[in-house]
Amino acid sequence: MDAGRRAKLEETTRYDPGEVEGRVYAGWWERGYFTPEAEGTAAENYSIAIPPPNVTGSLHIGHGLNNTIQDTLVRRQRMAGRRVKWIIGTDHAGIATQSVVEKELRGEGVDRHELGREGFVERVWEWREQYGGRIIEQLKRLGVSGDFANERFTLDEGYVAAVYRVFVALYEKGLIYRDNYMVNWDPGSHSAISDLEVENREVEDTLFSIAYPVADSDRVLTVATVRPETMLADTAVAVNPGDERYRDLVGQHCILPLVGRRLPIIADEHVDVGFGTGALKITPGHDPNDFEIGRKHGLEEISVIGEDGRMNDVAGSDYEGLTAAEAQQRVVADLRTAGALSGEEPYVHSVPFSHRSGQRIEPLISLQWFCRMDELAKPAIDVVRDGEITFTPERWGRVYRDWMENIRPWCVSRQLWWGHQLPVWYCDHCETTIVAEREPDRDQCESCGGALRRDEDVLDTWFSSALWPFAALGWPEDTPELRAFYPTDVLSTARDIIYLWVARMIMSGIEFLDEIPFTDVYIHSVIQAPDGRRMSKSLGTGIDPLELIDSHGADALRFGLLAMSSSQDVRFSEAKVQQGRDLANKLWNASRLILLNAGDAEPTPSTDAVEDRWILSRLERTVELVGERLDAFDFAHAALELYRFVYSDLCDWYLEIVKPRLYDGPEHGDHSAAANLLHVLGRTLAMAHPLMPFVTEEIWGYMPGRGSELIVAPYPEADEARFDAAAEAEVAAAIELTRSLRRWRELAGVAPGSALRARTGDEIHPLVLRLARIELDGAGSDAAVAAVGAIEILPSADLDPEAVAARIEELREKLRGEVRRAEGKLANEKFVANAPADVVDGEREKLERYRAELEELG
RNA sequence: GGGCGCGUAGCUCAGUGGGAGAGCGUCCGCCUCACACGCGGAAGGUCGCUGGUUCGAAACCAGCCGCGCCCACCA
């Protein structure tokens with residue numbers, strides 16, 4: 001270490017992440033550690049595909065956790081010597097991005113239609129050029145060691161080719177088709193959306209009862225609805241086939257009020273006899289259930305609400321042009337006038353809303369593209385059932401399977417401009433549909449010469465995301481990257497996109513590469529606001545990870561997030577981040593102590609003293625445990641075990657024990673303590689690096705004998721030869737005795753600075769005497785005032801006799817309690833008879849020990 | 001309606017059959033020559049409730065109470 005470095009180490013008494021992180025990260029970047037050679041096989045290499053964040057996104061706490069997890073996994077494998085590729089990129093995020101740019105345009109007073117499709121899309125690309133890299137830069141501040149040099153985007157040229165290859169293949173297989181079908185129409189984004197993008201919310205509406213007169217009869221059928229305006233599109237009334245009340249009416253007709261249309265009265269099991277009057281109006285054009293009933297019974301499908309959310313001409317001149325809400329008022333008023341409104345009451349029920357725009361879904365029949373999923377799902381269910389893909393925690397595997405077993409067709413077309421435009425062309429003249437990866441050479445129909453028109457729609461964003469693990473590696477080209485890194489190893493994500501994304505990646509991976517895209521799916525915690533609410537910007541409950549990095553450092557945030565994560569949802573706790581900051585600082589200062597006193601020592605394990613063997617044993621056990629926890633995706637315990645080792649074993653005990661040897665050893669030519677400390681520190685830094693990369697790399701830079709930068713130094717494997725149960729037992733006993741003595745001193749009112757006179761017949765480890773400030777005073781003839789373990793405390797001016805007496809009585813009482821407990825247990829014949837022998841023996845030993853200690857106290 | 005998860009110290013959470021734990025917070029004492037982002041010590045819990053299984057239950061089973069999430073076509 002040169003003088004300048006040494007001076008810096010000497011004067012920096014607090015670890016300063018702000019000064020370190022940018023510099024260290026730049027070093028990794030310049031040396032290209034994040035980009036592996038595309039060689040070898042996927043089995044020997046390690047790869048993870050990042051859940052590509054939306055280009056519109058900014059880093060939130062969930063990204064913070066998920067990317068810390070992935071970086072921890074990736075760094076560990078890189079240190080373990082594997083070629084590691086962490087695929088990085090962003091998602092074009094159709095609706096989200098289009099909305100952002102539309103909003104920006106509106107600010108300029110421009111409607112996207114004024115720009116036209118081409119102009120608008122160009123504008124979005126410009127936006128992406130300018131702002132799309134933000135979240136990527138934010139990931140770097142977290143310490144993400146991903147392959148940024150080969151960043152991908154779901155609208156890259158090659159990626160688009162993959163999307164079209166898949167679309168065409170599924171079309172040719174008959175799985176993708178175009179149909180007039182009921183869809184979730186989102187008036188907000190003015191597009192159809194998939195079932196998964198719909199969320200149901202409890203809403204209070206009014207339930208209206210309407211009387212439908214039966215034709216050629218004086219009877220009426222009263223139906224109930226929360227959407228009276230849709231009655232204009234009714235094409236039947238249904239009753240339950242088992243309902244005695246209406247049995248005779250089935251097959252007859254009733255007359256639709258206001259419209260006068262004759263509606264068949266049909267029987268269908270779906271109708272609940274107990275609800276309302278047991279008669280249900282059927283509106284196949286505007287209700288998903290009614291749609292299915294309608295298709296089953298071959299009913300006419302009438303649409304009165306258009307994609308603009310307004311009543312169309314079919315609704316009749318009285319209503320045409322009104323919004324659905326306006327039409328509702330008008331219909332209710334008209335029904336009342338006609339005397340057909342027989343009741344209205346408040347009604348709470350669940351209503352679909354768009355997850356994208358937040359607006360209430362308008363169910364409509366629309367001509368859309370769909371993908372049939374059941375056939376694709378089958379093998380994807382099998383691979384999870386057979387354990388080829390493992391979910392952690394495993395309950396998510398069951399959730400996955402439940403959904404997959406009941407999977408429904410997926411509406412993949414979206415009425416947007418930003419995205420993968422469908423590779424579909426129509427000839428309006430001869431009604432030919434051309435589905436092709438590349439635009440037809442001629443813009444004329446081959447069969448009739450008519451003009452070709454391309455489908456205006458784009459694909460659901462998740463259609464392209466589903467291809468991410470292989471399309472991001474260059475598929476459908478046979479690239480070296482694909483060969484070296486597909487399939488990937490782990491997919492880490494939050495549970496909310498298991499269906500939207502994880503399931504679809506598994507299906508597409510199997511379908512197109514004939515191989516599962518990853519072997520492990522880790523579903524991490526959702527981090528809630530400290531008050532238990534959802535974290536969100538709009539609620540004002542969001543916590544900005546970048547601010548936490550600014551104030552505590554990236555390592556602190558990483559540690560905190562890992563430590564608070566769990567197999568369930570957790571509340572954000574800044575205390576855990578502070579714990580991480582404290583740990584970084586502790587590592588830094590422990591390292592200063594070691595490095596500044598190491599002299600010429602080189603890292604070499606020492607087994608000279610029992611405490612040396614003890615710390616080596618503790619270290620290797622920690623290495624083993626942390627490794628196991630990481631293997632099990634149990635990051636919290638890995639982090640906390642690391643913390644415990646550094647604070648307790650290494651700093652509180654070992655460093656304090658060996659300080660005299662560290663300071664004075666060199667005078668006697670003994671460098672063993674320094675050498676051992678360097679060895680332990682080196683392994684500790686390596687073990688901690690995947691979790692806390694910055695501080696560990698920074699300290700590593702001061703280590704003598706380092707071979708490379710820490711990011712590519714070997715990751716420690718537990719050396720079981722260093723496990724030493726005897727040393728552990730001996731030092732543990734000494735520690736326990738030290739703590740007893742300290743406790744005793746404190747309660748007996750002995751001043752912290754003063755030494756306590758004592759004597760003992762046993763051999764006591766010097767660490768006890770020093771750390772508990774005990775002065776052995778020969779045999780002495782004074783009567784002992786107390787005994788703590790094998791140590792007899794001798795009278796001195798420092799002792800407060802009353803406190804001592806009280807302390808002794810307290811100890812006695814505690815021991816008596818323990819004796820009673822053990823005696824009671826052993827007196828229970830059934831316990832002695834039924835409990836395992838070692839448990840019973842253990843109780844006997846305890847009883848003897850407590851009795852002996854009680855004896856000593858008199 | 002179905003399913004999943006949770007209820008343990010003031011707070012956030014570990015602990016899943018043999019003597020209730022951690023971090024933070026609180027209290028007491030220490031600027032002890034690595035670190036006050038520190039060191040030493042302490043207090044603090046009918047482990048949601050009720051039954052059951054067991055020699056033994058915070059843990060296993062059942063029921064109940066409370067909270068959260070997911071799925072679902074009762075208008």
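Throughout, a chain's letter reflects where its sequence line sits, starting with A, and its residues are numbered from 1.
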Could you tell me the Watson-Crick or G-U partner of [N], where both distances fall under 3.5 Å? Say none if there is no partner.
| N | value |
| --- | --- |
| B:C69 | B:G3 |
| B:G29 | B:C39 |
| B:U53 | none |
| B:A9 | none |
| B:C64 | B:G48 |
| B:C74 | none |

Using the [atom1] atom as the reference point in each nucleotide, state the distance between [N] and [M] in Å, no decimals.
| N | M | atom1 | result |
| --- | --- | --- | --- |
| B:C6 | B:U16 | C1' | 15 Å |
| B:A42 | B:U46 | C1' | 23 Å |
| B:G7 | B:C13 | C1' | 12 Å |
| B:C61 | B:U54 | C1' | 12 Å |
| B:C69 | B:U50 | P | 28 Å |
| B:G63 | B:U53 | C1' | 15 Å |
| B:A43 | B:C24 | C1' | 16 Å |
| B:C28 | B:A9 | P | 24 Å |

**Report entry** Polar side-chain atom of A:E21 near backbone of A:A554 as donor-acceptor pair, under 3.5 Å
**Finding:**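 Yes, because the side chain of A:E21 sits within donor-acceptor range (under 3.5 Å) of the backbone of A:A554.
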Report task. Among A:L662, A:I699, A:L655, find the one that has a side chain to side chain contact (heavy atoms under 4.5 Å, CB included) with A:I594. Result ->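 Of A:L662, A:I699, A:L655, side chain to side chain contact (heavy atoms under 4.5 Å, CB included) with A:I594 is met by A:L655 alone.
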Using only side-chain N and O atoms of [X], determine if any of them is under 4.0 Å from OP1 or OP2 of [N].
| X | N | result |
| --- | --- | --- |
| A:R395 | B:G5 | no |
| A:Y347 | B:A75 | yes |
| A:K576 | B:C11 | no |
| A:Y647 | B:C39 | no |
| A:T13 | B:A34 | no |
| A:N834 | B:C55 | yes |
| A:K659 | B:A34 | yes |
| A:R739 | B:G41 | yes |
| A:R14 | B:C37 | yes |

Query - Donor/acceptor link under 3.5 angstrom from A:E746 side chain onto base of B:G40 - result: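 When only heavy-atom distances are counted, A:E746 does reach the base of B:G40 through a donor-acceptor pair under 3.5 Å.
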Euclidean distance, atom [atom1] of residue [X] to atom [atom2] of [N] [Å, nearest integer]:
| X | N | atom1 | atom2 | value |
| --- | --- | --- | --- | --- |
| A:L583 | B:C37 | CG | C1' | 11 Å |
| A:R821 | B:A20 | CZ | P | 8 Å |
| A:E292 | B:A75 | CD | C1' | 15 Å |
| A:I407 | B:C70 | CD1 | C1' | 16 Å |
| A:Q568 | B:C13 | CD | P | 7 Å |
| A:K586 | B:C37 | NZ | P | 12 Å |
| A:E736 | B:G41 | CD | P | 10 Å |
| A:K846 | B:G18 | NZ | C1' | 8 Å |

Determine the contact category for [X]: base if any of its heavy atoms lies under 4.0 Å from a base atom, sugar-phosphate if only primed atoms, P, OP1 or OP2 are that close, otherwise nothing.
| X | result |
| --- | --- |
| A:P288 | nothing |
| A:R745 | nothing |
| A:R592 | sugar-phosphate |
| A:V271 | base |
| A:S566 | sugar-phosphate |
| A:P530 | nothing |
| A:A833 | nothing |
| A:D652 | sugar-phosphate |
| A:E656 | base |
| A:H270 | base |

**Report entry** Pairwise side-chain contact, A:I615 with A:F645, heavy-atom cut-off 4.5 Å (strictly under)
**Finding:**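 With C-beta onward as the side chain, the pair touches.
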Query raised in the report: Among side-chain atoms of A:D234 and A:T283, is any donor-acceptor pair under 3.5 angstrom?
Result: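 Their side chains do contain a donor-acceptor pair, which is all the 3.5 Å distance test asks for.
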Query raised in the report: Can you tell me if A:E574 and A:H552 form a side-chain donor-acceptor pair at under 3.5 Å?
Result: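 The answer is yes; a qualifying pair exists.
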Query raised in the report: How close do A:V304 and A:H286 get, heavy atom to heavy atom, and via which atoms?
Result: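 Heavy-atom minimum between the residues: N-NE2, 2.9 Å.
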Query - Nearest non-hydrogen partners of A:R851 and A:V819, listed with the distance - result: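 Nearest heavy atoms, A:R851 then A:V819: N-CG2, 4.1 Å.
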Query raised in the report: So how far is it from A:L767 CG to A:I657 CD1, rounded to the nearest 0.5 Å?
Result: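 Result: 4.5 Å between the selected atoms.
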**Report entry** Straight-line distance of A:T225 OG1 to A:R227 CZ, nearest 0.5 Å
**Finding:**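 Rounded to the nearest 0.5 Å, the OG1-CZ separation comes out at 8.0 Å.
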